[in-house]
2 protein chains.
Amino acid sequence: MPLREAKKAAVRQALVSAANRRFHSQGFEQTTIDEICADAGVSRRTFFRYFENKEALAFPHRSERLERFLALLDGVGRSPNPVDGLRAICATFAHEYSANRVSILAQQRLVDSVPALAAREHEIDRDWETAMAATFHRRFGRGAASERRARLMAGAAIGVIRATMRYWYEKDGKPDLARLGQEALDGLEQGFLSEH
Amino acid sequence: MPLREAKKAAVRQALVSAANRRFHSQGFEQTTIDEICADAGVSRRTFFRYFENKEALAFPHRSERLERFLALLDGVGRSPNPVDGLRAICATFAHEYSANRVSILAQQRLVDSVPALAAREHEIDRDWETAMAATFHRRFGRGAASERRARLMAGAAIGVIRATMRYWYEKDGKPDLARLGQEALDGLEQGFLSEH
DNA sequence: CACAAAGTGCCACTGAGTGCCAGTTTTGGC
DNA sequence: GCCAAAACTGGCACTCAGTGGCACTTTGTG
């Protein structure tokens, strides 16, 4: 990695770490950007060259995860049943989330405690939903009806995934996330009428 | 209506109207709260006694609609199939939205053009989802499994509803919203496997 | 080494949002 | 109608997020 890039990564990491320490000890609103900059040894002006705003600090993996998701979605287009594709992706992410359980839970508690962050979090879901809809649409073929079906399905999918994540967070990440995910997708596939 | 209440309603309305005029002519970020206050003949300090922040101006019916939704949800608890309850509610709101099509579309274009507003909009969905989950849970009875099923279902429901609204907005509110809603709920109920 | 490009720091500025307090308006009891 | 309490408003001073501009330093390239 070129020196310049390495330095940037270091600064970014310093800002994220400093912010996390402050956020968790003082809370989000009580932490000023000045404090974070001081801790990270960087000017305020520079901060805004790394992050659009204070909120973005709470989602440091946003774009990285989206990219990974997009890459995985490529594989979904080819599977006969798109929900099966989601199952595979779900398993991958469940594995990652379980492995980083502690830090992810801490992050989530922060987000849940600040309305502005909770709102921003949905922007991420929106990105994922759009990506899914596009994939399903390609899979379903041309036509207005199939586009609408793709979008409904993507909306429902993100809905159950988000509900599942919230459930998992609420239970302190104790349940088997991969299993929760599979069950959620079963519901999505078969409708929510049957008792099991 | 007591005098005091009437005056408050008038001020609130004046602020909303002034804001809408400015937002639509200058854009959201380009409009300052000072301008809105000047138009409405009210001090800046008073503005913040009516709205939490500038964003809240873009969702003037938020709490009113939620309350109406909660009232309608009461009826759902009793229907044998909760999705049928949603169908009824859906029809009610579809009617209102279609009747106010023009202003609702204008409002929505504003929201879609400002990321911060789009983010806030999801807070509303979250309120609705929570309410639905509670209702379904009551309907499904005690137990962890039925709670999770209720939450998954609520998540999926809000997902398809939001997707449907976006579709309707995109088509300039031309399609029959009531029908779109019913079709979306069909998908929710039967799963998204079948071609129709 | 020289030079362009990328990155940084500093300063001044706008605008959102809050705490405080003094002044005004409405309400309800008499 | 009168008066005190309660509700509402305006103005001021303040903190902090976020931006534009410019001079300075560091890195990559020939």
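Keep in mind it's a predicted model, so treat the numbers as computed, not measured. Convention: sequence-line order gives letters A, B, ...; per-chain numbering from 1.
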Backbone N/O of A/Ala178 and side chain of A/Asp176: donor-acceptor pair under 3.5 Å: yes

Parallel, tilted or perpendicular: ring planes of B/Phe69 versus B/Trp128, cut at 30 and 60 degrees: parallel

Interatomic distance where CZ belongs to B/Phe51 and P belongs to D/dT9 [whole Å]: 12 Å

Atom-pair distance (CZ on B/Phe47; C1' on D/dG11), nearest Å: 17 Å

Distance-only donor-acceptor check, side chains A/Gln190 and B/Gln190, under 3.5 Å: no

Whole-Å distance separating the CG atom of A/Asn53 from the P atom of D/dC16: 18 Å

Bend angle of the helix from C/dC1-D/dG30 to C/dC30-D/dG1, end axes from five pairs each (to 10°): 30°

Separation of D/dC16 C1' from A/Arg45 CZ (nearest whole Å): 15 Å

Heavy-atom contact window of chain B on DNA chain C, given 5' to 3' at under 4.0 Å: C/dG15 to C/dT27

Straight-line distance of B/Arg12 CZ to B/Ser17 OG, nearest 0.5 Å: 11.0 Å

DNA chain D: 5'-proximal contact among B/Arg44 and A/Glu52 (nearest heavy atom): B/Arg44

Gap between atom CG of A/Leu15 and atom CG of A/Asp39 - 0.5 Å precision: 9.5 Å

Between D/dG10 (C1') and B/Phe48 (CZ): distance, integer Å: 15 Å

A/Thr46 vs A/Cys37 side-chain heavy atoms within contact, under 4.5 Å: no

Quiz item: B/Arg49 side-chain donor-acceptor pair to D/dG10 base, under 3.5 Å: yes

For atom CD of A/Glu29 and atom P of D/dT15, their distance in whole Å: 18 Å

Any donor-acceptor N or O pair under 3.5 Å, side chains A/Ser63, A/Glu67: no

Donor-acceptor contact present, side-chain B/Lys8 to main-chain B/Tyr50, <3.5 Å: no

Separation between NE2 of A/His122 and CD1 of A/Ile124, rounded to the nearest 0.5 Å: 10.0 Å

Short side-chain N/O contact from B/Tyr50 to OP1 or OP2 of D/dC8, under 4.0 Å: no

Nucleotide D/dA17, atom C1' - distance to CZ of A/Arg120 in whole Å: 13 Å

